[in-house]
Protein chains: 2
Amino acid sequence: MSIKYDIEPASLSVQIADAIREAIVEGRLKIDERLPTEQELADRFNVSRPTVREALKRLAAHNLIRSRRGPAGGTFVNRPSEEEGRAELATTAALMVSLDVFSLPEVAEARWQLEQACIPLAVANRRPAELDTMIAEVRRQEDPDLSDEEFCASDVRFHRALVDATHNPVLRFTLATVIEGLQPAVNMAVYRFRERAPLVDQHRRLYEAIRDEDVSAAIEVLSEQMTYLRASYDRAQAWREGRDQLEDTQHLTIAGEKETGAV
Amino acid sequence: MSIKYDIEPASLSVQIADAIREAIVEGRLKIDERLPTEQELADRFNVSRPTVREALKRLAAHNLIRSRRGPAGGTFVNRPSEEEGRAELATTAALMVSLDVFSLPEVAEARWQLEQACIPLAVANRRPAELDTMIAEVRRQEDPDLSDEEFCASDVRFHRALVDATHNPVLRFTLATVIEGLQPAVNMAVYRFRERAPLVDQHRRLYEAIRDEDVSAAIEVLSEQMTYLRASYDRAQAWREGRDQLEDTQHLTIAGEKETGAV
DNA sequence: GAACTCTCATTTGTCAAACAAATAGGAGCA
DNA sequence: TGCTCCTATTTGTTTGACAAATGAGAGTTC
């Protein structure tokens, strides 16, 4: 299969997208610089405008470019922000776990090890802002009226604050995969199979350990939480596999498939 | 800025892409299932075929779909593979470091902590295959005739084998960001500022520690390597910042911008 | 009857020309 | 000077068409 991709040339829109992408990565197109107009690009590459537009949409899908209409408009090179990159990592990861590429216990083990790796730096570099966020989320999680969705979201924010406390952008970036991508999807898959109280208690103790600069205590709490979660994950994973047996063959209906009318 | 995105509706191609993406994620479109033809989609969404195609290209950019021509052709939902997901993470990360979103010392610190996190699992789960790969790469790195590019590539393969040894797909997936994305770019940025011999020696001792199931020794070697690299990174970072001062304003020339002739 | 070749219908890939919509800048005017 | 309106530019979208790939079936030959 991969051989086929080598011998037969990629479609024109792919070639053009790659060429522009390369120009951006190598710095020939600088950040915030304006690209030629679509018509000019079409002329230069000897293709039609729709083909150029397909290429640009490929790049836009990765947030490499932005477009504006009007005389001062055009297509511009986007400055890659850490935030947008994190979002892309997160959606990629969420897709994979939602389509069962990863099993829940695997996610649990990975998250455990990765968050553990953050503890020493978090203890060393944490600032009041992150501590405030953590304890605020703990208090929110203690509210029994909190919806399941909000509890899961708060859980994610708590763990993100832990990673933020390292004050290392690369760690924050990399762990977006598990914290903002995998964990939300996992949370929604398992929230029926666990209790809130133990988690909140663990969060509070984790906060206290970070606050008191006690690395080993923090690691201990984290291990405890992951041991607890692993049991829930096992139950949820079993349920997931059972569910797959009797999945109903839903007919294809794509959302938004209707009269858009006001075109 | 974000407000603007909320009030003004996204372009049609974005709306359609999101709708189809949602259908995939929610399972209404199953893996390897065939989507309606482009003309059918255009009719259903009440848009033209080029608009549908732009939407499909957005999804294709994320490897969510594939297309084939012919009677049995069409557009199909891709099974997301761990490998493709890793590639996407890696390219995203490589883009960010090549455009100076991250500083080299930050990358060093993150990589150190993250690889450390892999050591316990690697020691517990390593198999002969990974050990063989590691020692093979060490031997290759000892060859003084090896080109700089090949040495850097071997370095990446060695560290990837370390992560592979954990036999945890989520860890392998997540660390692709640093191992396959950041590290190659960093290597090319710093290879002039370090010696090979210490690195190869460290790699050999790291291999031996993993082989002998000695966690603390492995972590020790890793710390040593990161301490050594940090100095190189600092020098390279200083050079990078100096280079930015006098960057020449290259004129825009996009590669492949020529007569494609055989269209 | 089996196997081979050829034609054909289907579907994506690409092109061409046009209109719609947004918008910045300038002409005209008070 | 400052306001309004017009206009040119550029992306967004439509329509219609042709090119290229390719699987399936008809027809032919052994």
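Below, chains carry the letters A, B, ... as their sequence lines are ordered, and counting in each starts from 1.
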Nucleotide nearest B/Thr51 when distance is taken to its side chain, options D/dT13, C/dT14, D/dT11: D/dT13
Measure all distances between protein nitrogen or oxygen atoms and nitrogen or oxygen atoms of nucleotides 17-19 of chain C, and list the pairs falling under 3.5 Å.
unit_1 : atom_1 : unit_2  : atom_2 : d
C/dA18 : N6     : A/Arg49 : NH1    : 3.4

B/Ser67 side-chain N/O to C/dT11 phosphate OP1/OP2 under 4.0 Å: no
Below 4.0 Å: OP1/OP2 of C/dA20 and any side-chain N or O of A/Arg69: no
Whole-Å gap separating C1' (D/dG16) and CD (B/Glu38): 15 Å
Residue B/Glu40 excluded, over 12 heavy atoms near CD under 6.0 Å: yes
Phosphate OP1/OP2 of D/dT11 contacted by A/Arg53 side-chain N/O (<4.0 Å): no
Pairwise 5' ranking along DNA chain C for B/Gln39 and A/Ser48, keeping only the more 5' one: B/Gln39
side-chain hydrogen bond (donor to acceptor under 3.5 Å, both in side chains) partners of A/Thr51, counting only residues at least two apart: A/Ser48
Protein-nucleotide distance (A/Ile65, atom CD1; D/dT11, atom P), rounded to Å: 10 Å
Ring pair (Phe, Tyr, Trp, His ring centres under 6.0 Å) involving B/Phe151 - partner list, sequence neighbours excluded: none
For atom CD of B/Glu54 and atom P of C/dG13, their distance in whole Å: 14 Å
Contacts of type ring pair (Phe, Tyr, Trp, His ring centres under 6.0 Å), residue A/Phe158, not counting sequence neighbours: A/His203
Which residues share a side-chain hydrogen bond (donor to acceptor under 3.5 Å, both in side chains) with B/Arg49, sequence neighbours left out: B/Glu38
Full working for salt bridge (Lys or Arg N to Asp or Glu O under 4.0 Å) between B/Glu54 and A/Arg58: CA-CA 8 Å; B/Glu54 286 185 9; A/Arg58 284 178 185 277; over 6 Å; no
Whole-Å gap separating C1' (D/dT15) and CG (B/Asn46): 15 Å
Salt bridge (charged side-chain N to carboxylate O under 4.0 Å, His left out) contacts in which one or both residues fall within residues 69-78 of chain A, not counting sequence neighbours: none
Residue pairs fulfilling salt bridge (charged side-chain N to carboxylate O under 4.0 Å, His left out) with at least one residue in residues 89-99 of chain A, sequence neighbours excluded: none
Selected nucleotide, minimal atom distance to A/Ser11 side chain, candidates D/dT10, C/dG13, D/dT14: C/dG13
Whole-Å gap separating P (C/dC15) and CG (A/Leu41): 14 Å
Nucleotide C/dT11, atom C1' - distance to CD of B/Glu40 in whole Å: 11 Å
For A/Glu88, all residues meeting side-chain hydrogen bond (donor to acceptor under 3.5 Å, both in side chains), sequence neighbours excluded: A/His62
Check nucleotides 2-4 of chain D against the protein and report each pair of N or O atoms closer than 3.5 Å, with its distance, or say if there are none.
none

Residue list, salt bridge (Lys or Arg N to Asp or Glu O under 4.0 Å) with A/Glu82, at least two apart or on another chain: A/Arg86, A/Arg172
B/Arg157 and B/Glu150 ion-paired at < 4.0 Å: yes
Nearest to side-chain heavy atoms of A/Leu12, which nucleotide of C/dT14, D/dT13, C/dT11: C/dT14
Contacts of type side-chain hydrogen bond (donor to acceptor under 3.5 Å, both in side chains), residue B/Gln113, not counting sequence neighbours: none
Sorted by number, the residues of residues 70-78 of chain B with heavy-atom contact under 4.0 Å to DNA chain C: B/Gly70, B/Pro71, B/Gly74, B/Thr75
